[in-house]
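When reading the values below, keep in mind they use all heavy atoms of this one structure, side chains included, and skip hydrogens, waters and symmetry mates. All figures in this text were calculated on a predicted structure; none of them were measured in a lab. For the single chain, residues carry numbers from 1 onward in sequence order.
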Amino acid sequence: MTDFNLDSLNSEQQLALKQLNGAILVTAGAGSGKTRLLTHRVAYLISQGVSPYSILAITFTNKATREMAERIETMCENGDKIWISTFHSMCAKILRSDIDRLGYSRSFTIYDESDSEKVIKDILNEMGLSEDRWKKNVQFHLSNWKNTVMPLSEYELVCKDVVDIKKIVLVMAEYENRLKKNNALDFDDLLIKTFKLFRECEDVKNYYATRFEYILVDEFQDTNVVQYELLKQLASVHGNIFVVGDEDQCIYSWRGANFQNIFNFKKDFPNVAVFKLERNYRSTDKILDKANLLIAHNNSRLAKKLWTDKKGGDEPVIYNAVDERDEALYVASNIERLMRLGDKASDFAVLMRLNALSRSLEEALLAYNIPHKIYGGFKFYERSEIKNVVAYLRLFVNPSDDVAFLKVINFPRRGIGDSSILKLKDFAGDRSILPALEEDIAFLEPSLKHKLETFVEIYKGLKALELPLGDFVSEVISKFGIRDAYDKKTEEGFDKLMNISSFEAGVKEFERLNPEAGLNDYLGSITLSSDTDAIGDEGSVTIASVHAVKGLEFKNVFIVGLEEGIFPISRATTLDELEEERRLMYVAVTRAEEKVFITHCSRRFLYGKTSYQIPSRFCKELGFYKFEKKKIEETNVFTGKSYSGFSFNKSAVLGEKTESGKKDISIYAVGQKVSHPKFGSGQIKSISDDGLVADINFEGFGVKSLMLEIAPLEIEEG
């Protein structure tokens, strides 16, 4: 039984949905309802008698996976039987069943970037190669190679003109050997090993290709070479593959995404049916007019023009700030104004090309007590105290994981230094260290044996326990004395202990939601998690890079830093690179439902120096000529000259003509003592000539410039 309404789809969507068999390409513009189309496509297939078990739906983010699964389960009986997954999660699941055919154990560890980096650093040190000179080159070529489907020897030939390629390949080969010895895969391996498994074990490929009669793929423009090859393998039996993509939103070429796959798809699959979705359900027509103007400057695209029934609304505005403080104040004051008019904090996103622009924005939002969260910073699972706990847990799934062992063997401190670690490696020889210690610790030299006996005993004792997942994790933390490593009397120690408690709570929540899952499943879920999965879910203003909000939408969007060298970024020098930067700007604009604010600065302090800035070429391509500054019409906005002596357009920033109940700012005077909920006590040092802005010296925080009309200040008595 299915519960869905085809009338909720427009005619173009219905045509695509009802094309039951064969290869189908849907070019879906931003906000054109592709998620609705995909979920209804699944419901339609089931209504036509297709078994949910034979449907595979692939998305690009965990958030999209969850949302699709939730929608389908409400629409379809047995909707939970459909395999909905990201590429990496799908491959991890396939490899857990059959990677032993490639000589690995099914209990393999998935290494994150820091784990992989540690392996590379160790190899470079052992080979006497400078980390500063070699590490980035090795990382680049490793990822580049793994995003092809060629053997390493062939890759070396292709790159024969690259300086030092032979030595780089030697490091890469040793990296592969280390991961194999540690029974570990990195993120790229999840894809390439699955491809290799399918190619070398035809029975495994045929099992999945036969099972999945219908394959659906979201964000097809973001597939890389390996992902596209995997799709061809999976569709090799039935050929029923339905892909949805938009070459105008391909913004991940730096990690291997190839929007040419949209064009390759039409060549590689026979009789491809092509459908075009141009109707946008997200943004107003005034926002789409700007987006269409911008993206029309790109050559590598299929011709399409977004349109909508959402007429009217506010014109997108552009603001030329004096500097980054002025820019941040403009953003914060407009958010505060709109929140007073009824918008929620989660209705706002502040987007940037470079995360380095976030500091002044965070300070401004703090100053006005506006809840916010910065994404793309330090993820919870990257905190040192959490990584230590995770490393301990990894050893109970994969004892061969030397990276995890070496991370925890001296945490808490056991007197195991570099010389002891060298002795352990010599002792283990070709074996992994922990299995070697389990087998014959008695043959270790006495002083080192004494330091490690308790560790090995605790490990063996815990390994023999049969406990529920949450209880087992708590027991590991307790038995190894992990909490004892932190001083709860210090703020830093207390915070780390609280994070460990949060981690334990997260394990128990995972256990509740996944009662059949084990430790291996849990570790896989957090390794493949992203800090962007929760964007927009936490009741706060989102501050993020444009890349991080792909696929999301917000009522109001601020795009900051529209300056040459920042957006487009300075390293974009070729036509292809500039077109990708333009696509990135297009993605930023089309995240907005109702309002778009764009800012650029006349001068900006960045990377340790102040520079005069030239407005981004995208400002002109978007059709902007009016700037929200007093007397701005007297200034040529494309000269790149410094703007000085401009004050805020008060009615535009504060909504003076539309609001009532204004705060009386005449009560403030130089020398007054005031208090702020974030910064505490301070003294007003100066007030601007128009009376709007005060410089206040806060104890412990220094001088902050705050707009008196909206800053949450109270005058202190006496």
Side-chain angles (χ1 to χ4, degrees), residues 99-112 114-129 131 134-135 138 142 152-153 166-186 189 193 387-388 390-464 480 520 523:
I99 198 171
D100 52 317
R101 303 281 291 274
L102 298 178
Y104 290 78
S105 162
R106 296 181 185 182
S107 61
F108 61 85
T109 298
I110 302 171
Y111 277 2
D112 63 17
S114 64
D115 296 323
S116 298
E117 188 174 293
K118 177 68 169 64
V119 175
I120 292 169
K121 287 166 68 173
D122 285 348
I123 295 169
L124 292 176
N125 288 335
E126 291 168 21
M127 293 177 68
L129 299 175
E131 185 183 325
W134 292 90
K135 188 182 79 172
V138 171
L142 260 175
L152 187 53
S153 57
K166 286 189 177 298
K167 199 164 283 187
I168 290 169
V169 167
L170 277 176
V171 178
M172 291 163 64
E174 180 56 23
Y175 172 86
E176 287 295 281
N177 291 336
R178 296 282 173 95
L179 262 63
K180 183 74 177 289
K181 176 186 173 185
N182 292 355
N183 194 37
L185 306 180
D186 61 25
D189 280 332
K193 299 298 185 196
K387 288 184 76 69
N388 286 330
V390 170
Y392 269 108
L393 297 176
R394 276 164 44 176
L395 292 174
F396 291 95
V397 171
N398 178 17
S400 299
D401 188 349
D402 278 353
V403 170
F405 176 82
L406 294 174
K407 185 168 189 62
V408 302
I409 193 54
N410 200 39
F411 177 84
R413 293 191 182 280
R414 300 183 179 90
I416 308 291
D418 291 343
S419 61
S420 296
I421 287 171
L422 286 174
K423 290 175 184 176
L424 283 172
K425 288 180 177 178
D426 287 340
F427 168 76
D430 293 334
R431 299 171 294 177
S432 296
I433 299 172
L434 183 54
L437 290 174
E438 283 191 278
E439 286 174 20
D440 48 18
I441 192 172
F443 294 99
L444 202 59
E445 66 173 58
S447 62
L448 196 50
K449 175 188 170 188
H450 177 71
K451 293 175 182 177
L452 291 170
E453 276 181 322
T454 303
F455 176 91
V456 174
E457 286 172 10
I458 293 173
Y459 175 78
K460 286 182 175 179
L462 287 166
K463 196 163 68 166
F480 280 113
N520 207 2
L523 292 175

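Lys167 is listed as a side-chain neighbour of Trp134, based on a closest heavy-atom distance under 4.5 Å. Leu523 has its side chain within reach of Val390: a pair of non-hydrogen atoms, C-beta onward, lies under 4.5 Å apart. Contact check for Phe480 versus Val408: no side-chain heavy atoms found under the 4.5 Å cut-off. Counting heavy atoms from C-beta outward, Asp401 and Asn183 have side chains that stay 4.5 Å or more apart. Considering only heavy atoms from C-beta on, Asn410 stays 4.5 Å or farther from Ile421 through its side chain. Two residues are said to be in side-chain contact when any heavy atoms from C-beta on lie closer than 4.5 Å; Lys449 and Ser447 fail this criterion. Counting only heavy atoms from C-beta outward, the side chains of Lys463 and Leu395 never approach each other to under 4.5 Å. Residues Ile433 and Ile409 form no side-chain contact, since every pair of their non-hydrogen atoms from C-beta on lies 4.5 Å or further apart.
Annotation: the span from Ile441 atom CD1 to His450 atom NE2 amounts to 11.5 Å, rounded to 0.5 Å. Of the inter-residue distances, the one linking Asn182 atom CG with Thr109 atom OG1 reads 8.0 Å to the nearest 0.5 angstrom. Of the inter-residue distances, the one linking Glu445 atom CD with Leu424 atom CG reads 9.0 Å to the nearest 0.5 angstrom. To the nearest 0.5 Å, atom CG of residue Asp189 and atom OG of residue Ser116 are 8.0 Å apart. Atom CG of residue Asp418 and atom NZ of residue Lys423 lie 12.0 Å apart, to the nearest 0.5 angstrom. Within the model, atoms CG of Leu142 and CD1 of Ile168 stand 10.0 Å from one another, a figure rounded to the nearest 0.5 Å.
One finds a salt bridge joining Lys193 and Glu176 here, because a Lys/Arg side-chain nitrogen approaches an Asp/Glu carboxylate oxygen to under 4.0 Å. Ion pairing between a basic and an acidic side chain is recognised when a charged N comes within 4.0 Å of a carboxylate O; Asp440 and Arg431 show such pairing. For the pair Glu117 and Lys135, the salt-bridge criterion is met [side-chain N within less than 4.0 Å of a carboxylate O].
In terms of heavy atoms, Ser420 sits closest to Gly415 at OG-O, 4.2 Å. Smallest separation of non-hydrogen atoms from Ala391 and Ala404: O-CB, 3.6 Å. Contact detail for Ala184 and Tyr104: the closest heavy-atom pair is O-CE2, 3.9 Å. Heavy atoms only, all atoms of each residue included: Pro435 and Pro399 are closest at CD-O, 3.3 Å.
Looking at Asn398, its side chain never comes within 3.5 Å of a backbone N or O of Phe108 through a donor-acceptor pair. A donor-acceptor pair is defined here as one N or O able to donate and one able to accept, closer than 3.5 Å; no such pair exists between the side chain of Ser432 and the backbone of Leu434.
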inquiry  = Go through it in stages, so that I can follow the logic: the residues are Ile110 and Asp115, the test is side-chain contact (heavy atoms from CB on, under 4.5 Å), and I'd like the CA-CA distance, side-chain angles, deciding distance and then a yes or no.
reply    = CA-CA 9 Å; Ile110 302 171; Asp115 296 323; over 6 Å; no
inquiry  = side-chain contact (heavy atoms from CB on, under 4.5 Å), that's the test. Do Tyr175 and Val138 meet it? Break it down for me.
reply    = CA-CA 10 Å; Tyr175 172 86; Val138 171; over 6 Å; no
ask   = When you look at Val403 and Val119, which way does the side-chain contact (heavy atoms from CB on, under 4.5 Å) test go after all the steps?
value = CA-CA 7 Å; Val403 170; Val119 175; 3.6 Å; yes
task = In sequence, state the C-alpha distance, the side-chain angles, and the governing distance for Arg178 and Glu174, and then conclude on salt bridge (Lys or Arg N to Asp or Glu O under 4.0 Å).
result = CA-CA 6 Å; Arg178 296 282 173 95; Glu174 180 56 23; 2.7 Å; yes
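Ring-plane geometry between Phe405 and Phe455 is classed as perpendicular, the angle between the planes exceeding 60 degrees on a 0 to 90 degree scale with a lower cut at 30.
Surrounding NZ of Lys181 are more than 12 heavy atoms belonging to other residues, nucleotides or ligands, all under 6.0 Å away. Shown here is Asp426, whose CG atom has more than 12 heavy atoms of other residues, nucleotides or ligands within 6.0 Å.
A centroid separation of less than 6.0 Å is found between the aromatic rings of Tyr459 and Phe396.
In summary, of the residues considered (Arg394, Lys387, Lys118), a salt bridge (Lys or Arg N to Asp or Glu O under 4.0 Å) with Asp112 occurs for Lys387 alone.
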